[in-house]
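Any value given below was found using the heavy atoms of this structure, including those in side chains, with hydrogens, waters and symmetry copies removed. What you are looking at is a predicted structure, and each value in this text was computed from that prediction instead of being measured.
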Amino acid sequence: EGAKMMRSETYEKIVATIGAHGLRRQCIKVLSEEHPKISRETLLSIYSQHYQMHTKRIHGQHRQSEVMEEYFRQYEDSMRQGQSNPKLLLDMAQQVQFSPVLFARIILEKFAISRGCVSPESNLSTLVSQWIKKPIFIPDSALCEQVKVHWQICSTGFLVSSMIQTMDQWLRTSSTL
């Protein structure tokens with residue numbers, strides 16, 4: 001049995017819905033309701049294509065030094081105010097429509113620099129990658145817990161071939177955290 005071709009009008013409607021809702025987690029639910037005959041996997045695939053294009057387009061804006069400083073300041077202010085939201089980083093990333101994993105990297109980089117965790121002979125990127133893989137080594141328990149939540153929800157699927165399944169898991173579990 002061959003694969004069915006989607007009509008271009010249907011595809012354009014899906015893209016328009018993604019554009020109207022932004023790249024937010026609830027967008028997949030809306031798409032599923034608007035297009036019940038289209039498989040969730042297909043909708044996730046289209047969504048993830050647009051998510052990747054969006055991330056590539058705006059990545060540089062989020063990596064500007066002053067923007068990264070502001071994100072870190074907002075994170076620290078929230079934590080100082082006793083913020084007990086276990087998915088604070090996820091919510092902050094969603095608020096600025098940026099990849100949760102890349103947003104966590106920004107916070108971890110700024111944390112490492114501010115706490116003097118990086119020596120001249122060490123590599124910041126390598127340290128942050130180690131912390132994402134093994135958050136237990138982050139020398140701040142609150143940030144460690146935030147990254148653990150990231151890991152549980154996002155896992156490595158955003159970075160490897162199981163991206164669609166992981167995104168689906170993230171979309172399903174994000175509302176339960």
**Request:** Examine distances only and state if a side-chain atom of E69 and a backbone atom of Q64 form a donor-acceptor pair shorter than 3.5 Å.
**Result:** no
**Fill in**
Which of Q52, M53, H54 passes side chain to side chain contact (heavy atoms under 4.5 Å, CB included) with H50? It is M53
**Closest contact, heavy atoms only, L143 versus D140** = N-OD1, 2.8 Å
**Complete:** d(E12 CD, T17 OG1) to nearest 0.5 Å is 11.0 Å
**Request:** Start with the C-alpha gap between V96 and M92, add the side-chain angles, then the distance that decides, and say whether side chain to side chain contact (heavy atoms under 4.5 Å, CB included) holds.
**Result:** CA-CA 7 Å; V96 296; M92 289 177 72; over 6 Å; no
**Check ion pair R73-E70 (N to O, under 4.0 angstrom)** = yes
**Prompt:** Any side-chain heavy atom of V67 within less than 4.5 Å of one from Q61?
**Reply:** no
**Request:** Group every Ile, Leu, Val, Met, Phe, Trp and Tyr by side-chain heavy-atom contacts under 4.5 Å, then state whether L89 and M68 land in the same group.
**Result:** yes
**Request:** May I ask you to decide if P86's main-chain N or O and E145's side chain share a donor-acceptor pair within less than 3.5 Å?
**Result:** no
**Prompt:** Atom CD1 of I28 and atom CG of L44: how far apart are they, to the nearest 0.5 Å?
**Reply:** 4.5 Å
**Item:** Pair S129, R105: side-chain N/O donor-acceptor within cut-off below 3.5 Å
**Value:** yes
**Asked** Where do I106 and F98 come nearest, in terms of heavy atoms and distance?
**Response** CD1-CE2, 3.9 Å
**Asked** Do C117 and W131 have side-chain heavy atoms sitting under 4.5 Å apart?
**Response** yes
**Asked** How far does CD1 of I46 sit from CD1 of I14, to the nearest 0.5 angstrom?
**Response** 4.0 Å
**Message:** Evaluate R40 against E33 for salt bridge (Lys or Arg N to Asp or Glu O under 4.0 Å), listing each step before the verdict.
**Reply:** CA-CA 10 Å; R40 187 169 176 87; E33 291 168 356; over 6 Å; no
**Asked** Between S45 and E41, is there a donor-acceptor pair closer than 3.5 Å when you use the side chain of the first and the backbone of the second?
**Response** no
**Rounded distance (nearest 0.5 Å) linking atom CD1 of I107 with atom CD of E109** = 10.0 Å
**Item:** Ring centre gap for H62 and Y71 strictly below 6.0 Å
**Value:** yes
**Item:** Single hit among M79, Q74, R80 for side chain to side chain contact (heavy atoms under 4.5 Å, CB included) with D77
**Value:** R80
**Item:** Worked verdict on K13 versus E34 for salt bridge (Lys or Arg N to Asp or Glu O under 4.0 Å)
**Value:** CA-CA 9 Å; K13 286 180 183 178; E34 288 182 5; over 6 Å; no
**Prompt:** How far does CG of L43 sit from NZ of K29, to the nearest 0.5 angstrom?
**Reply:** 14.5 Å
**Contact summary for Y75 and A142, nearest pair of heavy atoms** = OH-C, 4.1 Å
**Atom pair CZ/CG of F137 and L127 - distance to nearest 0.5 Å** = 11.0 Å
**Item:** Side chain to side chain, F111 and I138, heavy atoms closer than 4.5 Å
**Value:** yes
